[in-house]
Amino acid sequence: MSVSVQESLLDACEEPELGRLEGSVRRTPLAHGAWVDLRPGWLAGSGAVFARLAAADGPVSWRAERRQMYDRVVAVPRLLCFYGEGAPLPDPALTAARDALSAYYRPELGEPFRTAGLCLYRDGRDSVAWHGDTIGRGKTQDTMVAILSLGTPRPLLLRPRAKGAGEAGGGSRPLRFEVGHGDLLVMGGSCQRTWEHAIPKTSQAVGARISVQFRPRGVR
């Protein structure tokens with residue numbers, strides 16, 4: 001596997017290091033009890049972590065998936081790897097990030113983050129369609145999904161979930177967050193069931209991005 005990434009001069013350091021969360025996280029309240037937290041550049045030196053995770057001989061067993069789409073089976077446009085409860089994460093920086101997130105959000109979430117899902121967007125052709133993480137508890141309960149973005153920034157779009165047939169995301173313009181190079185974005189409250197998010201395709205020449213999604217137990 002060979003991928004390219006657009007490096008950031010601001011992300012250059014010898015050893016990856018997490019910044020503070022206290023006093024540096026910016027929250028954006030959304031409708032219907034949802035919210036989004038953003039902490040730009042949380043993981044300094046994230047380029048080195050990206051390189052280790054994306055390496056062909058690296059610690060991540062990336063896999064391509066295929067799924068049914070109407071009357072045919074199509075390739076999922078990204079590579080995936082999932083780490084369940086108790087599974088060791090493929091890089092110490094990810095373990096440290098999960099522990100830091102659990103400590104910071106535990107008073108609000110009431111529990112730690114336990115799983116990690118990794119997605120590799122190799123270029124602008126890779127994407128994820130509009131969806132919410134509603135398999136399991138996210139379908140009926142408030143929860144959190146924390147996303148650490150590594151590599152080239154890509155836009156993460158958010159829009160209110162459609163209420164009925166013929167409505168496209170509630171009829172509003174999507175919110176846009178450009179995340180990459182160690183940025184942290186956390187979706188909380190009712191976000192997974194009242195809003196939906198996507199990473200759109202682009203015809204522009206863009207480098208690769210890895211999305212690391214930390215979730216509590218029973219949320220997918």
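Starting from 1, each residue takes its place in the sequence as its number. Below, each value reflects all heavy atoms present in this structure, side chains not excepted, and no hydrogens, waters or symmetry copies.
In this structure, the side chains of Leu53 and Pro90 come closer than 4.5 Å at one or more pairs of heavy atoms. Two residues are said to be in side-chain contact when any heavy atoms from C-beta on lie closer than 4.5 Å; Gln141 and Pro216 fail this criterion. Side-chain contact between Lys139 and Arg193 is absent, with no heavy-atom pair separated by less than 4.5 Å.
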N/O donor-acceptor pairs under 3.5 Å from side chains in residues 81-88, not counting sequence neighbours:
| from | atom 1 | to | atom 2 | distance (Å) |
| --- | --- | --- | --- | --- |
| Glu85 | OE1 | Arg217 | NE | 3.2 |
| Glu85 | OE1 | Arg217 | NH2 | 2.8 |
| Glu85 | OE2 | Arg217 | NE | 2.9 |

All N/O donor-acceptor pairs, side-chain side in residues 92-109, below 3.5 Å, sequence neighbours left out:
| from | atom 1 | to | atom 2 | distance (Å) |
| --- | --- | --- | --- | --- |
| Ser102 | OG | Arg98 | O | 3.0 |
| Ser102 | OG | Phe113 | N | 3.0 |
| Tyr105 | OH | Asp37 | OD2 | 2.8 |
| Glu108 | OE1 | Arg27 | NH2 | 3.1 |
| Glu108 | OE2 | Arg27 | NH1 | 2.8 |

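Taking CG from Leu79 and SG from Cys119, the interatomic distance works out to 9.5 Å, rounded to the nearest 0.5 Å. Taken from OG1 in Thr143 to CG in Asp133, the straight-line distance is 9.0 Å, to the nearest 0.5 Å. To the nearest 0.5 Å, atoms CG (Leu43) and NE2 (His181) are separated by 12.0 Å.
Among residues two or more places apart in sequence or in another chain, the side-chain hydrogen bond (donor to acceptor under 3.5 Å, both in side chains) test is passed with Thr115 by none. Qualifying side-chain hydrogen bond (donor to acceptor under 3.5 Å, both in side chains) partners for Arg39, counting only residues two or more places apart in sequence or in other chains: Ser24. Remark: Arg176 pairs with Glu178 by the salt bridge (charged side-chain N to carboxylate O under 4.0 Å, His left out) rule, at least two apart or across chains. Partners of Thr202 by side chain to side chain contact (heavy atoms under 4.5 Å, CB included), not counting sequence neighbours, listed by chain and number: Arg154, Gln204, Val206. Residues passing the salt bridge (charged side-chain N to carboxylate O under 4.0 Å, His left out) test with Asp126 are Arg122, sequence neighbours excluded. Listed by chain and residue number, Pro77, Ser127 satisfy the side chain to side chain contact (heavy atoms under 4.5 Å, CB included) test with Lys201 (two or more places apart in sequence, or in another chain).
Legend: ring-ring contact (aromatic ring centres under 6.0 Å, His included) pairs involving residues 197-220, not counting sequence neighbours, sorted by first then second residue: His131-His197. Listed by first then second residue, pairs satisfying salt bridge (Lys or Arg N to Asp or Glu O under 4.0 Å) with a partner in residues 53-64 read Arg63-Glu65, not counting sequence neighbours.
Of all heavy-atom pairs spanning Met144 and Gly188, the tightest one is CG-CA, 4.1 Å.
Hydrophobic clustering, defined by side-chain heavy atoms of Ile, Leu, Val, Met, Phe, Trp and Tyr closer than 4.5 Å, groups Trp130 together with Leu157. When hydrophobic residues (I, L, V, M, F, W, Y) are linked wherever their side-chain heavy atoms come within less than 4.5 Å, the members clustered with Val36 are Leu30, Leu38, Tyr121, Val128, Val145, Ile147, Leu156, Leu158, Leu175, Phe177, Val179, Leu185, Met187, Trp195, Ile199, Val219.
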